[in-house]
Amino acid sequence: MSQNPIAETIASLMPRAKAELTELVAFQSVADWAQFPKSESEGAANWVADALRTEGFQDVALLDTPDGTQSVYGFLPGPEGAPTVLLYAHYDVQPPLDDDAWVSPAFELTERDGRWYGRGAADCKGGFIMHLLALRALKANGGVPVAVKVIVEGSEEQGTGGLQQYAEAHPELLAADTIVIGDAGNFRLGLPTVTATLRGMTLVKVKIDTLGGNLHSGMFGGVAPDALAALIRLLDSLRSADGSTTVDGLASDAVWEGLQYTEADFRADAKVLDGVGLIGEGTIADRLWARPAVTVLGIDCPPVIGATPSVHASAGALISLRVPPGVDTAEAIKLLEAHLIAHTPWQAKLELEVVGQGQPFQADTSSPAYASMAAAMQVAYPGQEMQVSGMGGSIPLCNTLTSLYPEAEMLLIGLSEPEAQIHAVNESVSPEELERLSVAEALFLVNYAESKRA
């Protein structure tokens with residue numbers, strides 16, 4: 001990376017960034033008190049608040065959100081007449097899953113093979129460190145040219161919507177001209193990328209009942225309706241033979257026109273076993289970013305160990321449906337529910353419960369903010385042009401902010417490139433990516449301020 005004053009400053013700050021990320025990763029801030037102490041999340045929230053105060057932020061507050069968690073807010077005034085930019089990250093993390101599968105402890109930041117390993121290193125504690133690095137570099141080189149609001153969420157991974165509800169109740173708090181969501185990632189390590197679309201999602205619990213109680217499979221099997229068999233047939237109706245999602249009435253033929261994803265790269269990123277085929281049809285990008293995708297997240301049924309020779313009276317499942325941009329999640333839920341009712345076999349009793357939902361998101365890539373970020377990324381990543389990709393996942397807060405501030409521009413960047421393995425064991429962050437994206441964000445703020453003065 002060719003050096004300029006901002007890049008040189010950030011390079012000099014990287015040892016401090018590593019020390020701070022080490023402290024922040026050490027908090028076991030999983031926002032599920034049944035698994036981890038609430039004090040761990042509170043400790044992380046206080047650490048973030050102290051960091052903002054140290055950087056001169058005003059009105060720093062721990063916001064008690066309706067889901068019982070805390071989001072951290074701070075405001076840094078800018079020059080007279082300057083635009084306001086909201087920077088977002090989250091300090092809560094996914095559980096480590098299998099502690100024994102981590103090469104080094106999940107909550108101890110460990111350097112190995114040029115990467116920093118630890119839960120939340122990329123998703124998204126590293127995103128907060130990225131914001132700090134960008135602001136520190138600007139302060140050391142003439143000052144921050146915009147007013148800055150920072151919001152760091154405490155329950156993004158749980159999807160309980162606390163910050164969304166708080167923002168809706170306090171609509172003035174997060175108002176900004178542009179919003180930078182630091183919770184996405186480059187399409188490939190070293191390839192500067194902004195994410196322009198997100199799929200929405202819904203979670204639906206399904207329960208099937210067929211009998212007053214379990215029955216002996218020898219005496220009754222073959223005639224008595226088996227609830228588990230009914231559930232299997234119902235779930236199978238959600239996919240065609242090639243694995244494509246098939247919800248009656250829900251279009252699944254949209255085409256992605258932007259950056260493409262090769263099958264070889266996808267197979268490597270997803271760690272698909274040799275000889276195993278991919279599901280669905282169309283390009284990888286079509287399937288990931290432009291079309292619906294159903295996933296069975298769990299099934300309630302007896303495990304193999306301890307199973308008895310029974311015809312089952314009841315069975316259940318949790319179904320996720322990812323909803324592509326251009327489709328209203330509420331309408332998709334209606335279609336999914338109608339499909340499940342229509343495809344329940346043998347007149348079995350069906351219960352449905354929607355337990356979560358979020359709308360898809362699509363940004364305006366022709367906005368001045370995107371031009372400012374493109375120019376910034378060309379400097380931070382010499383020889384590379386900014387790419388625009390989609391993301392198959394969901395960030396419901398984006399839709400809340402879009403509805404509250406329809407005139408605000410929104411960009412999604414971050415550290416979650418494929419090698420980061422977010423949500424999996426051995427999550428890591430590339431320090432080079434952290435450095436470059438921090439440079440890009442700092443230069444973006446300079447470019448954006450200048451575009452507003454022009």
Side-chain angles (χ1 to χ4, degrees), residues 5-29 39-65 69-79 82 84-93 107-109 116 118 120-122 124-154 156 163 173-174 176 179-183 414-415 429 431 434-435 437-446 449:
I6 285 177
E8 290 174 353
T9 300
I10 288 176
S12 72
L13 290 170
M14 289 304 293
R16 180 181 177 185
K18 182 181 180 184
E20 290 178 324
L21 188 56
T22 299
E23 294 178 9
L24 193 50
V25 164
F27 292 104
Q28 300 180 35
S29 49
S39 60
E40 290 291 310
S41 289
E42 291 172 339
N46 279 290
W47 191 99
V48 170
D50 288 342
L52 293 179
R53 294 187 187 100
T54 300
E55 297 304 317
F57 276 74
Q58 301 175 4
D59 305 322
V60 176
L62 299 176
L63 310 177
D64 293 319
T65 56
T69 64
Q70 293 178 318
S71 292
V72 186
Y73 169 83
F75 175 67
L76 186 67
T84 298
V85 177
L86 174 67
L87 305 178
Y88 168 90
H90 63 84
Y91 68 80
D92 72 302
V93 297
F107 295 103
E108 293 181 18
L109 193 73
W116 300 344
C124 180
K125 292 176 177 180
F128 177 63
I129 300 298
M130 176 184 72
H131 294 328
L132 289 182
L133 283 169
L135 296 174
R136 286 168 179 162
L138 291 171
K139 288 167 64 178
N141 290 278
V144 181
V146 297
V148 176
K149 294 180 178 180
V150 168
I151 187 71
V152 186
E153 189 174 2
E156 190 275 342
L163 180 56
L173 184 70
L174 302 182
I179 300 166
V180 179
I181 303 291
D183 192 24
L415 301 164
V429 68
L434 172 60
E435 183 176 344
L437 281 170
S438 300
V439 172
E441 182 167 280
L443 294 175
F444 160 74
L445 295 175
V446 172

Validation row: Trp116, Thr22 side chains within 4.5 angstrom (heavy atoms) = no
inquiry  = Distance check, rounded to the nearest 0.5 Å: Leu443 atom CG versus Ile6 atom CD1?
reply    = 4.5 Å
ask   = Which heavy atom of Pro15 sits nearest a heavy atom of Ala11, and at what distance?
value = CD-O, 4.1 Å
key: Closest non-hydrogen atom pair between Leu109 and Ala121, with its separation   = CD1-CB, 4.0 Å
ask   = Is there a donor-acceptor pair under 3.5 Å between the side chain of Lys149 and the backbone N or O of Ile179?
value = no
remark   = Between the CG atom in Leu76 and the OG1 atom in Thr84, the distance rounded to the nearest 0.5 Å is 10.5 Å
Trace of the side-chain contact (heavy atoms from CB on, under 4.5 Å) decision for Lys139 with Val144 = CA-CA 6 Å; Lys139 288 167 64 178; Val144 181; 3.7 Å; yes
ask   = Of all heavy-atom pairs between Ala82 and Val146, which one has the smallest distance, and what is that distance?
value = CB-CA, 4.0 Å
ask   = Nearest 0.5 Å, what's the CG-CD distance between Leu13 and Glu8?
value = 12.0 Å
remark   = Residue pairs passing the side chain to side chain donor-acceptor pair (under 3.5 Å) test with at least one member in residues 126-135, sequence neighbours excluded, are His131-Glu441
key: Over all atoms of both residues, closest heavy-atom pair of Phe444 and Val180   = CE2-CG2, 3.7 Å
ask   = Can you tell me how far CE of Met14 sits from CG of Leu21, rounded to the nearest 0.5 angstrom?
value = 9.0 Å
request  = Decide side-chain contact (heavy atoms from CB on, under 4.5 Å) for Leu445 and Leu135; before the verdict, give the C-alpha distance in whole Å, the side-chain angles of both, and the deciding distance to 0.1 Å.
outcome  = CA-CA 9 Å; Leu445 295 175; Leu135 296 174; 4.2 Å; yes
ask   = Which atoms form the tightest heavy-atom contact between Tyr73 and Asp59, and what is the distance?
value = CD2-O, 3.5 Å
ask   = Do Leu434 and Met130 come within less than 4.5 Å of each other through their side chains, counting heavy atoms only?
value = yes
note = Here the gap from Asn46 atom CG to Ser41 atom OG, rounded to the nearest 0.5 Å, amounts to 11.0 Å
ask   = Do Phe128 and Leu52 come within less than 4.5 Å of each other through their side chains, counting heavy atoms only?
value = yes
Residue pair Phe27 / Lys125, side-chain heavy-atom distance below 4.5 Å = yes
key: Exercise: identify the closest heavy-atom pair between Ser71 and Gly154   = OG-N, 3.7 Å
inquiry  = Between Pro431 and Lys18, is there a side-chain heavy-atom distance shorter than 4.5 Å?
reply    = no
ask   = Is there a side-chain contact between Ile151 and Leu63 (heavy atoms, below 4.5 Å)?
value = yes
All N/O donor-acceptor pairs, side-chain side in residues 85-93, below 3.5 Å, sequence neighbours left out:
from: Tyr88; atom 1: OH; to: Glu153; atom 2: OE1; distance (Å): 2.5
from: His90; atom 1: ND1; to: Asp92; atom 2: O; distance (Å): 2.9
from: His90; atom 1: ND1; to: Asp92; atom 2: OD1; distance (Å): 3.2
from: His90; atom 1: NE2; to: Asp123; atom 2: OD1; distance (Å): 3.1
from: His90; atom 1: NE2; to: Glu156; atom 2: OE1; distance (Å): 3.3
from: His90; atom 1: NE2; to: Asp183; atom 2: OD1; distance (Å): 3.2
from: His90; atom 1: NE2; to: Asp183; atom 2: OD2; distance (Å): 3.4
from: Tyr91; atom 1: OH; to: Gln70; atom 2: O; distance (Å): 2.6
from: Asp92; atom 1: OD1; to: Glu156; atom 2: N; distance (Å): 3.1
from: Asp92; atom 1: OD2; to: Glu156; atom 2: N; distance (Å): 3.1
from: Asp92; atom 1: OD2; to: Glu157; atom 2: N; distance (Å): 2.7

ask   = Just wondering, do Val48 and Leu24 contact through their side chains at under 4.5 Å, heavy atoms?
value = yes
task = Taking the side chain as every heavy atom from C-beta outward, state whether Leu62 and Val72 have any atom pair closer than 4.5 Å.
result = yes
